[in-house]
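Heads up: the structure comes next, in structure tokens.
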Amino acid sequence: MDRYNPQKIEQKWQKIWEETQPFSAGADGKDLPKDQNTPKVFLAEMFPYPSGAGLHVGHVRNFTIVDVLARFYRQQEMNVLRPFGYDTFGLPAENYAIKTGISPQEATATNIKNFRKQLKRLGFAIDWSREINTSDPEYYRWTQWCFLQLYKKGLAYRKESYQWWCPVDQTVLANEQVENGHCWRCGSEVEKKKMKQWFFKITDYADELLSDIDQLDWPDKIKTMQRNWIGRSDGAEIEFEIISEGEESAGDFKIKVFTTRPDTIFGATFLVLAPEHPAVSKLVTDETREKVDAYRTDALKKSEIERQENKEKTGVFTGSYAINPATGEKIPIWVSDYVLMGYGEGAIMAVPAHDERDFEFASKFDLPVKQVIEKPDNSTDGEQCYHGEGKLVNSGHFDDTDTSDAREVVTAWLEEQGVGKQKVTYKMRDWLISRQRYWGCPIPIAYDKDGNEYPIPEDQLPVLIPEVEDYKPDNSGRSALAKAKDWLKVDIEVKDEKTGKTHTETMTRETDTLDGYACSSWYLWRYASPHDNQHAWSEDAIKYWAPTDVYVGADHAVAHLLYIRFWCKFFADQGYLPFREPIKTLLYNGYINAPDGKKMSKSKGNVIDPLDIIDEGYGADTLRTYEMFIGPYDLDAAWDPKSVGGVYRFLNRCWTLCFGGSAGTGSKKQAESIPTLAIRHKTIKKVTEDIHRHSFNTAVASLMEYVNELYKIGAKTEDLITLAKLLKPFAPHLASEMLEKLESDDIWPTWDEKYLKKDTIELIVQVNGKLRAKLSVPVEALEDQAKLEELAKGEPNVQKFTKNGIKKIIFVKKAKLLNIVAAK
RNA sequence: GCCCGAGUGGCGGAAUUGGUAUACGCGUUCGACUUAAAAUCGAAUGGAAUCUUCCAUAUGGGUUCAAGUCCCAUCUCGGGCACCA
């Protein structure tokens, strides 16, 4: 007998799969399969960034989950779409280019080639005719098309916003790249620069994005994170009239605030504005101007992280007062950085008696605190600052109203007075998509000499990324695209509104590129018809294949998974998609850590390279099966080199069973005498159900049990066929080799309940819930409770524990269990 | 601080709807084969004992005939959010 040689059989089957391309989803190179009445399943992983380092074990776990499902459904003769793609834009390729001069285009091509080669060595059942790559002009042409659709509907827009700017590196910095007000690279002090940036108006869909979360078959963790991210708050917007010092009234000048507690308005003893609030400059007086300006400048310098770290309240008085519309009292207006410009109105009414932050501020600056809710006697809430519910006091004609009712009643009253209204506010902000970077999808916009925007006409797409020699951003504050002087100029046809005549104008292109998340916000739909050169996706193909049935990944809980939902809803509204949620089931897999339990990292030198595992002689089948066996897919797990050996032993035993050799001494003795039907059908059921519920580790465990059993009682051909079929999703090469020898197809087996029924069952006898005896009884006996009770009472061990008599007996037929409640 | 999730042998973990706790794998020990080792095959393996009984699912309570599973409190770890009015 040949020994189990993964190297040999894996090469053999990979060559066969390469030649026959058995995993094509469509018929004869088309998008759709022949028989579209057959149920479909569309499976995908979150496509990877193809790094130069190649696959790591985390990728393998992620992709194997998808592959097990793909092969499982394929064996069940469903139409399976299991494509693959590469998310290739991004900073690593650009930094590499700056360092080496090798273009991102070239580096990306090399990396994809390497990835593809490695993926094939893992035996993934990928439809290779559908590979996509976000930096391929044939792909990003349609990313630009998507942008233009959003633009047309006013959901892609430009606005001024503050960005971190390093004056030495001449570049914009992300919030996380600013440490203590200094650039993380050069250490120089950064400044906030107001820049015009592109945004997608995701907030238009805030409500639907929130409410549709309920219907998703996604992990609760992710759903909660998305809910929190969207952060809906129901409350009221209230207007406060302003009176400047020395003047009676400032006319129509009013400050709007947002509050979730309009019921506490009688307790609002001052207003606080964010430092960036545009009204601040109008509120300062000659005495306060200098101090307020200094405070504002200082606040602008601080990063948001710093603002959060330093919770000590700071602030300055503007010198102006507002009128509390409920009490008519004159209340001071302050400026403080604990109020954020980006949320609500950027201004609050402070109710120090019932809000912790306002209380802190009032204490520090000696501002009045006015209680308006009576704290119930049984409340354990803080002494000084009660935020719970209760009855209103000091609130005029609302006294004695319950706060829970008062929110609505007070809002209605404010509305009557014309000073307030109901308002819903979200934490989520619009999605900033401008990136001053070279290696991204160019934004298809041009500007005329006056700076007016013009979309690049759809028939001129793609706006290609120009070739440049130096990828570094320069002191213009624009991406390296600006260095391509010829590329910058573009002729756009302009129609004169009045005359209706058109003329051609030479304009300047936008040099910002799109956030990479834009490219990944529609790629799942591209998979349905990846070669369509007339549309981003074809109507028929998308109708059959999409939405994605199972999507597997380990990252992007909020960003990507929220953006793709947003685009889905937008394109559904435009009539391009016949569904409003892109992903039915989301599997969020855990990470694989190093054997020491720490994160794998090059610097720690604890990285396990999956290709090494294959090459050491274990093979891809062992690697795949081990990663499914390592633990529940959604939990982090530590790599255990010893356990890899255990899985290899298991596959070796499968091989031995099938190809002969020293399979258990028992097989010789009992081979044909003992029926294996029961264990066979039990295993089919268990593995099938386990895969359905994504319990891959227990599916593998039950295959191990089956093999152990077959070693003891001997395997019939039907057992070997069953084993190979059930094993195939996990270890496809070995299973294919077995099925070839056994001359069998790979169609998923079904189980028959009749083989799972036994003639005799084991009756569990408990006394007071503790196991005291196990009785072997005929199945029919389960129908006769009285007889079972007799039998149980006859057991010496039962008698021993029921000396003082029996109170009652509980019989659970389903559990085959009898619990005797003994008297004391 | 707030919101989730988790805590089970020496280790990774199983127990799907409240019903036999510890499946499967690793490790360890013993045995077979071998001159020997590896590989392979077989057996044992939660702890303690008075040897078939007690104690064990982070800790302390509770509900129940019955709790790893449900409820309350506490501790530890992981993740997320974090001045969002």
Side-chain angles (χ1 to χ4, degrees), chain A residues 3 219-225 227-229 231-233 235 257-261 264 272 304-305 307-313 336-340 342-351 355-358 360-361 425-429 557-558 590 626 629-632 634-647 649-650 652-653 656 661-666 686 689-690 692-693 695 697-705 707-708 711-712 762-774 797 800-801 807-812 814-822:
Chain A
R3 297 185 103 188
D220 287 336
K221 185 174 94 178
I222 311 295
K223 296 211 272 188
T224 306
M225 280 167 74
R227 281 192 195 101
N228 292 343
W229 183 264
R232 180 186 159 117
S233 288
V257 306
F258 173 73
T259 179
T260 53
R261 296 296 301 268
T264 62
V272 188
E304 303 213 350
I305 294 158
R307 280 202 198 179
Q308 287 154 15
E309 269 171 3
N310 184 12
K311 300 229 168 153
E312 177 81 4
K313 296 279 179 291
S336 173
D337 65 5
Y338 85 91
V339 175
L340 307 173
Y343 183 75
E345 302 294 336
I348 60 152
M349 63 175 210
V351 185
D355 182 283
E356 203 81 48
R357 298 150 300 181
D358 298 344
E360 257 178 63
F361 195 81
T425 298
Y426 300 90
K427 278 191 206 174
M428 185 169 66
R429 319 284 156 88
V558 180
Y626 170 65
F629 184 63
I630 195 167
D634 56 338
L635 298 183
D636 290 353
W639 187 270
D640 180 4
K642 290 264 175 60
S643 288
V644 178
V647 171
R649 271 194 281 283
F650 158 64
N652 213 343
R653 281 158 75 85
T656 305
S662 56
T665 46
K686 177 82 171 124
E689 290 181 348
D690 278 356
H692 272 301
R693 68 188 179 104
S695 183
N697 56 329
T698 56
V700 174
S702 64
L703 285 171
M704 288 172 168
E705 278 181 78
V707 167
N708 292 345
Y711 259 64
K712 279 184 202 144
E762 199 174 52
L763 181 76
I764 303 303
V765 182
Q766 298 179 331
V767 177
N768 293 338
K770 282 195 174 155
L771 178 68
R772 294 302 175 195
K774 290 180 184 179
N797 206 32
K800 191 170 147 194
F801 287 94
K807 251 204 248 169
K808 62 172 166 174
I809 298 178
I810 287 158
F811 177 55
V812 188
K814 223 177 104 189
K816 296 166 217 143
L817 177 145
L818 203 62
N819 190 16
I820 299 171
V821 186

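Each chain gets a letter, A, B and so on, in the order the sequences are listed, and its residues count up from 1. Excluded from the calculations below are hydrogen atoms, water molecules and symmetry mates; all remaining heavy atoms, backbone and side chain alike, are included.
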Looking at side-chain heavy atoms only, is the closest gap between [X] and [Y] below 4.5 Å?
X	Y	answer
A:Ile820	A:Arg772	no
A:Tyr626	A:Asp640	yes
A:Lys774	A:Val765	no
A:Leu703	A:Phe650	yes
A:Ser643	A:Phe629	no
A:Asn819	A:Lys808	no
A:Leu818	A:Ile810	no
A:Thr264	A:Arg261	yes

Produce the list of close N/O pairs, under 3.5 Å, pairing protein atoms with atoms of nucleotides 49-53 of chain B; give distances to one decimal.
{"from": "B:U53", "atom 1": "OP1", "to": "A:Asn797", "atom 2": "OD1", "distance (Å)": "2.7"}
{"from": "B:U53", "atom 1": "OP1", "to": "A:Lys800", "atom 2": "NZ", "distance (Å)": "3.4"}

| Touch class at under 4.0 angstrom, heavy-atom based, for A:Lys427 against every strand present | base
| said: Just to be sure I understand the rule, does A:Gly344 reach a base, reach only the sugar-phosphate, or reach nothing, if contact means heavy atoms closer than 4.0 Å? | reply: nothing
Using atom [atom1] of [X] as one end and atom [atom2] of [N] as the other, report the distance to the nearest whole Å.
X	N	atom1	atom2	answer
A:Asp634	B:G78	CG	P	18 Å
A:Lys223	B:C3	NZ	C1'	16 Å
A:Glu356	B:C2	CD	P	11 Å
A:Lys814	B:G18	NZ	P	9 Å
A:Trp639	B:G25	CH2	P	19 Å
A:Met225	B:C3	CE	C1'	12 Å

| said: Tell me whether the side-chain N/O atoms of A:Tyr711 come closer than 4.0 Å to OP1 or OP2 in B:C41. | reply: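 It does, given that an N or O in the side chain of A:Tyr711 lies less than 4.0 Å from OP1 or OP2 of B:C41.
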| said: OP1 or OP2 of B:G25 versus the side-chain N and O atoms of A:Asn708: is any pair under 4.0 Å? | reply: yes
For the side chain of [X], counting heavy atoms from C-beta on, which of [options] is nearest?
X	options	value
A:Arg3	B:A85, B:A39, B:C24	B:A39
A:Arg653	B:C83, B:C41, B:C65	B:C41
A:Asp690	B:U16, B:G25, B:A23	B:U16
A:Arg649	B:C65, B:U40, B:A23	B:U40

Taking [M] as the reference, what is the distance to [N] when you measure between their [atom1] atoms (whole Å, please)?
N	M	atom1	answer
B:A39	B:C51	P	40 Å
B:U35	B:U28	C1'	27 Å
B:G78	B:A23	C1'	26 Å
B:C75	B:A58	C1'	8 Å

Please tabulate, one pair per line, each protein N/O and nucleotide N/O from nucleotides 12-15 of chain B that are separated by under 3.5 Å, including the distance.
{"from": "B:G12", "atom 1": "O2'", "to": "A:Ile630", "atom 2": "O", "distance (Å)": "3.2"}
{"from": "B:A14", "atom 1": "OP1", "to": "A:Asn697", "atom 2": "ND2", "distance (Å)": "3.1"}
{"from": "B:A15", "atom 1": "OP1", "to": "A:Arg693", "atom 2": "NH2", "distance (Å)": "3.3"}

| query | Is there a donor on the side chain of A:Lys807 or the base of B:C65 sitting less than 3.5 Å from an acceptor on the other? | reply |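 No, no donor-acceptor pair under 3.5 Å.
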| field | Residue pair A:Arg3, A:Asn652: steps toward the side-chain hydrogen bond (donor to acceptor under 3.5 Å, both in side chains) verdict | value | CA-CA 8 Å; A:Arg3 297 185 103 188; A:Asn652 213 343; over 6 Å; no
| message | I'd like to check the salt bridge (Lys or Arg N to Asp or Glu O under 4.0 Å) partners of A:Asp355; sequence neighbours left out, ordered by chain and number. | response | A:Arg357
| request: Identify the heavy atoms of A:Val272 and A:Ala350 that sit nearest to each other, and give their distance. | output: CG2-CB, 4.3 Å
Strictly under 3.5 Å: I want the nitrogen or oxygen pairs between protein and nucleotides 19-21 of chain B, one per line.
{"from": "B:G19", "atom 1": "N2", "to": "A:Asn819", "atom 2": "ND2", "distance (Å)": "3.4"}
{"from": "B:U20", "atom 1": "O2", "to": "A:Lys774", "atom 2": "NZ", "distance (Å)": "3.0"}

| Consecutive-pair stems (at least three Watson-Crick or G-U pairs, under 3.5 Å) that include RNA chain B | B:1-7 with B:75-81, B:10-12 with B:24-26, B:27-32 with B:40-45, B:46-48 with B:53-55, B:58-62 with B:70-74
| field | Residue mapping more 5' on RNA chain B - nearest nucleotide basis, A:Asp220 or A:Gly646 | value |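 Its nearest nucleotide being more 5', the pick is A:Asp220.
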| query | More than 12 non-hydrogen atoms from neighbouring residues, nucleotides or ligands closer than 6.0 Å to NZ on A:Lys816, yes or no? | reply | no
| message | Donor-acceptor check, side chain of A:Arg429 to backbone of A:Gly342, threshold 3.5 angstrom: yes or no? | response | yes
| query | Which class fits the ring pair A:Tyr338 and A:Phe361: parallel under 30°, tilted 30 to 60°, perpendicular over 60°? | reply |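 Rings of A:Tyr338 and A:Phe361: tilted, 30 to 60°.
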| note | Residues passing the side chain to side chain contact (heavy atoms under 4.5 Å, CB included) test with A:Ala638, sequence neighbours excluded, are none
